[in-house]
Amino acid sequence: SFSAIVAILFIVKLCGGCQSDKSKTPSTPNIDTTVVATPQQANLNFADTMTLAASRCDSILSTPYHNPQLIMAVEKPHKIYSVSDFSRAFPDINPVQIAAARHHGVAPRNSRDEIASMVGDSLICISHNPYYTVAPLTSSSPYLIPRAKKLLARIGRNFIDSLLIKKIPPSLIIVSSVTRSLEDIKGLRTINTNATENSCHSYGTTIDISYINYAPIVLADGTTIRQARSDTLQWVLSEVLNDLRSLGACYVKYERKQGCYHITVR
C-alpha cells in the first residue's frame, strides 16, 4: 500500500510539473535600450564640454591679482607644501591635451614665417613680460593665442606672489618652448624619438616651463636679487601649477627627461 501511494504521488507531481512548464510565458529577451549618439550629437556634446571648460578657465584667468604690498606685509611666512609626487600630480599626457589644443588653437603651419604672419590676427608675441622670461628658442616661435599668453602671465605672477608670501627671494620662470611649425616638429623627431608628430605645440596653446632653471630678477638700479635653491623653486612652482590645474585652467604634464612642465590652456 505504501509503495502504491508513493507511486501515485510521484505521477501526480510529474504531471503537474509538465503542465506548469507548458503554461509558462516565454521569457522576453533583454533589449539594449541605450541610445547611441549620432556623430553630429557627439560633436555637439564635445563642443559644449570644451566651451564650458574654456569659460571656467577664462573666469580664473580674469581674477584680479593680489596686491604685492599686502602679500609682503604678512608677518608669518607661509609653508612650502609642494606636491607628493610630480608624475601623479601632473599626468595629462598628449592625447588629453591635444583635444583642447585643437579646439581652441590655430591650424598648424608649415614654417615659422607662416606662424609669424598670424601675429596680430590669431597669435600674439610673448617675448617681453615682467612675470617670466623666454629662453633662446631653437625649435619654436614666441607666439601664443591670447588665452594661452594670459595663462602664462598668471603662472608667472602667481609664482612670484607665492615666493613673496613664503619669504623666499623671487625669481622668474623660464619658458623653454612655445609654438612649433611642422618643420620644427619634423626636425625634432630626427633627434628625439620621443617627440610626437601630432604635437600640442603646433596649435599656439601650449608652453614648456623649465622646473630646473629660473631667471634672477634685476632691479632698476642694476641689483640682482639673490635666488633660492632650484629645488625650493621647483616645489613652489609645483604648488602654483597644481592650484591652476585643479581649478580647471590648464592641463599639465611633468616631463622628467626634458626637465620641464608641458602645459596647455583649457
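Side chains are part of it too, since the values below use all heavy atoms of this structure and drop only hydrogens, waters and symmetry mates.
Contact of the Ile60 side chain with the Arg154 side chain is not registered, since no non-hydrogen atoms from C-beta on lie closer than 4.5 Å. For the pair Leu144 and Thr205, the minimum side-chain heavy-atom distance is 4.5 Å or more. Under the 4.5 Å side-chain criterion, counting only non-hydrogen atoms from C-beta, His262 is in contact with Gln97. A heavy-atom distance below 4.5 Å is found between the side chains of Arg102 and Asn198. Proximity of Leu151 to Leu61: side-chain heavy atoms (C-beta onward) are separated by under 4.5 Å at one or more points. Side-chain contact between Tyr261 and Lys253 is absent, with no heavy-atom pair separated by less than 4.5 Å. For the pair Ile155/Ile173, a side-chain contact is recorded, criterion being any heavy-atom separation below 4.5 Å from C-beta on. Side-chain contact between Leu163 and Leu233: present, with at least one pair of heavy atoms (C-beta onward) separated by less than 4.5 Å.
Here CG of Leu241 is found 10.5 Å from OG of Ser246. Values are rounded to the nearest 0.5 Å. Rounding to the nearest 0.5 angstrom, the gap separating the CD1 atom in Ile168 from the CZ atom in Arg229 is 11.5 Å. Here the CD-CD1 distance, from Glu255 to Ile93, works out to 10.5 Å after rounding to the nearest 0.5 Å. Rounding to the nearest 0.5 Å gives a distance of 10.5 Å between CZ of Arg147 and CZ of Arg266. Taking CD1 of Ile98 as the start and NE2 of His103 as the end, the distance is 13.5 Å to the nearest 0.5 Å. Within the model, atoms CG of Leu172 and OG1 of Thr133 stand 6.5 Å from one another, a figure rounded to the nearest 0.5 Å.
A donor-acceptor contact closer than 3.5 angstrom is absent between the side chains of Ser210 and Ser176. In this model, no donor atom of one side chain and acceptor atom of the other lie less than 3.5 Å apart for His66 and Asp161.
For the residue pair Ile185 and Ser199, the shortest heavy atom distance occurs at CD1-CB, 3.8 Å. For Ile124 against Pro146, the heavy-atom pair with the smallest separation is CD1-CA, 3.6 Å. In terms of heavy atoms, Ser171 sits closest to Ile160 at O-CG1, 3.7 Å. Taking all atoms of both residues into account, the shortest heavy-atom contact from Trp235 to Ile80 is CB-CG2, 3.8 Å. Annotation for Ala100 and Met50: closest pair CA-SD, 4.0 Å, computed over non-hydrogen atoms. The two residues Arg180 and Ser139 have their closest heavy-atom pair at CG-O, 3.2 Å.
Within the 3.5 Å criterion, the main-chain N or O of Asn110 finds a donor-acceptor partner in the side chain of Glu114. Checked by atom type and distance alone, the side chain of Ser122 never pairs as donor or acceptor with a backbone atom of Met118 at under 3.5 Å. Looking only at distances, no side-chain donor or acceptor of Glu183 sits under 3.5 Å from a matching main-chain atom of Arg112. Tyr132 places a side-chain N or O within 3.5 Å of a backbone atom of Ile126 that can act as its donor or acceptor partner. When atom types are taken as modelled, the side chain of Asp92 and the backbone of Tyr251 share no donor-acceptor pair closer than 3.5 angstrom. Checked by atom type and distance alone, the side chain of Lys167 pairs as donor or acceptor with a backbone atom of Val74 at under 3.5 Å. With Ser62 contributing its side chain and Asp58 its backbone, the two residues share a donor-acceptor pair below 3.5 Å. Side-chain atoms of Arg109 come within 3.5 Å of backbone N or O of Ala107 as a donor-acceptor pair. One N or O on the side chain of Glu239 and one on the backbone of Tyr81 form a donor-acceptor pair closer than 3.5 Å.
At a threshold of 4.5 Å between side-chain heavy atoms, the hydrophobic network of Ile, Leu, Val, Met, Phe, Trp and Tyr places Ile207 and Tyr203 in two separate groups. Put simply, Val240 and Ile212 are part of the same group of oily side chains (I, L, V, M, F, W, Y) that touch within less than 4.5 Å, one to the next. Hydrophobic clustering of Ile, Leu, Val, Met, Phe, Trp and Tyr side chains at less than 4.5 Å, counting indirect connections, keeps Ile174 apart from Ile225. The hydrophobic clustering, which links ILVMFWY residues whose side-chain heavy atoms are closer than 4.5 Å, places Val96 and Val265 apart.
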What's the verdict on side chain to side chain donor-acceptor pair (under 3.5 Å) for Arg157 and Tyr131, showing C-alpha distance, side-chain angles and the deciding distance? CA-CA 5 Å; Arg157 175 61 184 266; Tyr131 304 139; 2.9 Å; yes
Does the pair Ile209 and Leu152 meet the rule for a side-chain contact (heavy atoms from CB on, under 4.5 Å), with working shown? CA-CA 9 Å; Ile209 295 177; Leu152 175 57; 4.1 Å; yes
Yes or no on side-chain contact (heavy atoms from CB on, under 4.5 Å) for Cys200 and Asn94, after CA distance, side-chain angles and deciding distance? CA-CA 7 Å; Cys200 296; Asn94 188 69; 3.3 Å; yes
Just do the side-chain contact (heavy atoms from CB on, under 4.5 Å) check on Ser238 and Val83 with the steps written out, would you? CA-CA 7 Å; Ser238 71; Val83 295; 4.1 Å; yes
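No more than 12 heavy atoms of other residues, nucleotides or ligands lie within 6.0 Å of NZ in Lys186, so this atom counts as exposed by the packing criterion.
Between Tyr254 and Phe86, the gap from one ring centroid to the other is short of 6.0 Å.
Results of the side-chain contact (heavy atoms from CB on, under 4.5 Å) test with Ile115 over Pro142, Ser181, Ser140 single out Ser181 as the only residue that passes. A side-chain hydrogen bond (donor to acceptor under 3.5 Å, both in side chains) with His201 is found for one member of Thr206, Asp184, Asp208, Thr179 and no other, namely Asp208.
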Let me check something: any side-chain donor-acceptor pairs from residues 215-222 under 3.5 Å, sequence neighbours excluded? List them with distances.
residue : atom : partner : partner atom : Å
Asp221  : OD1  : Thr223  : N            : 3.0
Asp221  : OD1  : Thr223  : OG1          : 3.0
Asp221  : OD2  : Thr223  : OG1          : 3.3

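Between Tyr214 and Phe159, the ring planes are parallel. Angles under 30° get that label, and only those over 60° would be called perpendicular.
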